Amino acid sequence: MSAVPTAADRLAEARELLASAPVVDGHNDLPWALREHVRYDLDKLDIAADQTGTLHTDLARLRAGGVGAQFWSVYVPARLTGDHAVSATLEQIDLVDQLLARYGTELAPALTADDMEAARAQGRIASLKGAEGGHSINNSLATLRALHALGVRYMTLTHNDNNDWADSATDEPRVGGLSAFGREVVREMNRSGVLVDLSHVAATTMRDALDTTAAPVIFSHSSARSVCDHPRNVPDDVLERLPANGGVAMATFVPKFILPAAVAWTERADANLRAHGLHHLDTTPRAMEIHRAFEAVDPRPVATVATVADHLDHMREAAGIDHIGIGGDYDGTAFTPAGLNDVAGYPNLIAELLHRGWSRADLTKLTWSNAVRVLRDAEDVARDLSSRTAPSNATIDVLDGPATPGA
């Protein structure tokens with residue numbers, strides 16, 4: 001009779017599996033964290049050194065976590081608008097390029113699915129760029145194409161606030177999903193080869209995008225709404241549409257999106273941070289000190305590896321094993337689940353899924369092959385569309401009508 005695998009056995013198996021099928025993580029906010037901490041001065045914050053206690057991410061912990069590809073978020077907050085949003089996005093893109101130049105033995109630039117596979121073969125971490133928030137293009141399809149030329153391979157249609165052409169999950173509805181110009185943005189993303197990312201958007205926007213897109217979509221960092229009823233998560237009816245679309249929903253680790261008990265606590269903690277004059281997404285040392293003082297009085301509900309696994313179990317059931325992935329949101333959140341404290345934690349999640357009976361074939365799809373396939377499929381769509389259609393020069397004023405002053 002064979003021995004029942006122990007927790008140590010499962011963790012060893014998880015690490016062995018990740019050596020051949022490493023994690024493609026859909027979303028990491030290291031670039032913005034480097035802006036916030038040191039204004040992009042990589043000499044002052046060197047991720048070749050151990051940055052535990054300052055960042056969730058450094059090179060050694062990426063290796064320990066079995067990360068084989070990372071979409072680095074080139075995020076800018078919605079408070080930056082117009083040309084300010086565009087220039088800040090360009091700074092974020094430049095920062096990723098600086099990381100690639102500085103740490104080229106560890107990080108490999110990747111624009112295509114083939115690049116991802118080549119980086120894996122070389123033992124380097126494929127590095128892709130994802131723009132977080134459609135305000136980054138300042139209502140300009142030419143700017144969208146320029147971001148693609150600079151290496152951006154997905155764009156999240158909104159961040160926490162609506163933009164002029166799409167409704168956010170965490171703002172009051174304005175256009176009812178996507179406007180006519182918003183649908184044109186999706187079509188031009190398809191033609192250009194920029195994945196449509198539906199994290200952060202309202203459910204109406206998700207459905208409009210799925211009705212419009214010719215290419216697979218992704219959710220770079222969202223979990224299951226039926227497991228935790230938060231608007232940042234994906235409703236079952238949308239998960240159930242992913243097989244027909246070919247897309248991938250990448251489960252996030254952010255406690256306030258995955259643990260019901262954490263939702264109300266986070267609202268109180270965020271209000272406390274704002275009362276101290278800080279943005280509720282601030283993760284600088286001063287902000288974390290304020291959070292810790294608050295937590296001493298009002299203890300924080302703690303998500304665990306099992307919490308994330310519950311979401312993945314449900315997402316696999318609703319969307320199918322070919323349509324799920326992982327998007328931790330490291331360095332973009334103040335708190336992380338126990339056992340998933342930083343980017344070294346992925347083996348703990350894989351070990352938990354092994355314990356729940358997930359097969360190695362299913363885990364390989366979750367960690368690596370689903371994400372590679374969705375990018376490859378989007379490339380195929382872009383190749384076809386760009387051979388048949390010219391770039392769109394549509395404007396928001398023509399498609400949606402001139403903006404109403406004060407609206």
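Keep in mind that what you see is a predicted model, and the values were worked out from it rather than measured.
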Exercise. Quick check: does any side chain N or O of Asp167 sit under 3.5 Å from a backbone N or O of Pro173, one acting as donor and the other as acceptor?
Worked result: no

Exercise. Between the side chain of Tyr330 and the main-chain N/O of Asn28, is any donor-acceptor distance below 3.5 Å?
Worked result: no

Exercise. Is the backbone N or O of Leu144 less than 3.5 Å from a side-chain atom of His148, with the two atoms forming a donor-acceptor pair by type?
Worked result: no

Exercise. Are any side-chain N or O atoms of Asp58 and backbone N or O atoms of Gln51, one a donor and one an acceptor, separated by less than 3.5 Å?
Worked result: yes

For this session: Measure the shortest side-chain to side-chain distance between Leu178 and Leu157 over non-hydrogen atoms and say whether it is less than 4.5 angstrom.
Result: yes

Problem set entry | Under 3.5 Å donor-acceptor, His135 side chain and Asn163 backbone | no

Exercise. Do you know which two heavy atoms are closest between Pro216 and Val374, and how far apart they sit?
Worked result: CB-CG2, 3.4 Å

For this session: Examine the side chains of Arg124 and Thr105 and answer whether a donor and an acceptor come within less than 3.5 Å of each other.
Result: no

Exercise. Can any side-chain N or O of Arg15 pair as donor or acceptor with the backbone N or O of Pro347 at less than 3.5 Å?
Worked result: no

Exercise. Quick one: does Val175's side chain get under 4.5 Å of Trp165's, heavy atoms only?
Worked result: no

Exercise. Roughly how far apart are Leu385 CG and Met189 CE, rounded to 0.5 Å?
Worked result: 13.0 Å

Exercise. Going from OG1 on Thr213 to CZ on Arg187, what distance comes out if it is rounded to the nearest 0.5 angstrom?
Worked result: 10.5 Å

Problem set entry | Note: Arg286-Glu289 ion pair, threshold 4.0 Å (strictly below) | no

For this session: Please examine the side chains of Trp72 and Thr57, heavy atoms only from C-beta on, and report whether any two atoms are closer than 4.5 Å.
Result: yes

Exercise. Side chain of Thr283, backbone of Thr333: donor and acceptor closer than 3.5 Å?
Worked result: no

For this session: Would you indicate whether the side-chain heavy atoms of Cys228 and Val263 approach each other to under 4.5 Å?
Result: yes

For this session: Give the minimum heavy-atom separation between Ile125 and Val67, together with the two atoms involved.
Result: CG1-O, 3.5 Å

Exercise. Would Ser73 and Asp29 count as having a side-chain donor-acceptor pair, cut-off 3.5 Å?
Worked result: yes

For this session: Check whether the side chains of Asp400 and Ser179 place a donor and an acceptor atom closer than 3.5 Å, and report yes or no.
Result: yes

For this session: Return the minimal non-hydrogen interatomic distance between Ala215 and Ala378, and the atom names on each side.
Result: CB-CA, 4.4 Å

Exercise. Counting only heavy atoms not in His280, do more than 12 fall under 6.0 Å of its NE2?
Worked result: yes

For this session: Kindly compute the distance separating CG (Asp236) from OG (Ser226), expressed to the nearest 0.5 Å.
Result: 4.0 Å

For this session: May I ask you to say whether Lys129 pairs ionically with Asp97, meaning some side-chain N is under 4.0 Å from a carboxylate O?
Result: yes

For this session: Quick one: pull up CG in Leu30 and CD in Gln92 and give me the separation to the nearest 0.5 Å.
Result: 9.5 Å

Exercise. Can Arg174 and Asp164 be counted as an ion pair, charged N to O under 4.0 angstrom?
Worked result: yes

Problem set entry | salt bridge (Lys or Arg N to Asp or Glu O under 4.0 Å) between Asp380 and Arg376, intermediate numbers included | CA-CA 6 Å; Asp380 291 342; Arg376 193 182 305 282; over 6 Å; no

For this session: Report the C-alpha distance between Arg356 and Asp310 in whole Å, list the side-chain angles of each, state the deciding distance to 0.1 Å, and finish with yes or no for salt bridge (Lys or Arg N to Asp or Glu O under 4.0 Å).
Result: CA-CA 10 Å; Arg356 295 181 180 214; Asp310 289 344; 2.8 Å; yes

Problem set entry | Side chain His221, main chain Gly328, donor-acceptor under 3.5 Å | no

Exercise. With a 4.5 Å limit on heavy-atom distance, are the side chains of Thr304 and Glu352 in contact?
Worked result: no

Exercise. Would you call Arg241-Asp237 a salt bridge at under 4.0 Å N-O?
Worked result: no

For this session: Please determine if Lys365 and Asp362 form a salt bridge, counting it only when a charged side-chain N lies under 4.0 Å from a carboxylate O.
Result: no

For this session: On the 0 to 90° scale, with breaks at 30° and 60°, tag the His200-His159 ring pair as parallel, tilted or perpendicular.
Result: tilted

Exercise. Salt-bridged, Arg191 to Glu188, with N to O below 4.0 Å?
Worked result: yes

Problem set entry | Close side-chain approach of Thr336 and Phe253, heavy atoms under 4.5 Å | no

Exercise. Taking Arg225 for the side chain and Asn233 for the main chain, is one N or O donor matched with an acceptor at less than 3.5 Å?
Worked result: yes

Seminar exercise, completed: Scanning both residues in full, the closest heavy-atom pair of Ile290 with Leu273 reads CG2-CD1, 3.9 Å

Problem set entry | Working for side chain to side chain donor-acceptor pair (under 3.5 Å), residues Asp114 and Thr112 | CA-CA 5 Å; Asp114 284 348; Thr112 66; 5.2 Å; no

Problem set entry | Residue pair Asp94 / Tyr40, side-chain donor-acceptor N/O under 3.5 Å | no

Problem set entry | Asp197 bridged to Arg153 by N-O distance under 4.0 Å | no

For this session: Can you see which heavy atom on Ala371 is nearest to which on Val24, and at what distance?
Result: CB-CG1, 3.6 Å

Exercise. Are Glu117 and Arg120 within salt-bridge range, i.e. N to O under 4.0 Å?
Worked result: yes

Exercise. Would you say the side chain of Trp358 lies within less than 4.5 Å of the side chain of Ile350, judging by non-hydrogen atoms?
Worked result: no

Exercise. Within a reach of under 6.0 Å around NE2 of His84, are more than 12 heavy atoms found that belong to other residues, nucleotides or ligands?
Worked result: no

Exercise. Do any N or O atoms from the side chain of His311 and from the backbone of Ala224 form a donor-acceptor pair under 3.5 angstrom?
Worked result: yes

Exercise. In Å, rounded to the nearest 0.5 Å, how long is the span from CG of Asp46 to CG of Asp41?
Worked result: 10.5 Å

Problem set entry | Verdict with supporting geometry, Asp50 and Thr52, side chain to side chain donor-acceptor pair (under 3.5 Å) | CA-CA 6 Å; Asp50 182 3; Thr52 302; 2.6 Å; yes

Exercise. So how far is it from Leu128 CG to Met116 CE, rounded to the nearest 0.5 Å?
Worked result: 5.5 Å

Exercise. Do Val152 and Ile93 come close enough that some side-chain heavy atom pair is under 4.5 Å?
Worked result: yes

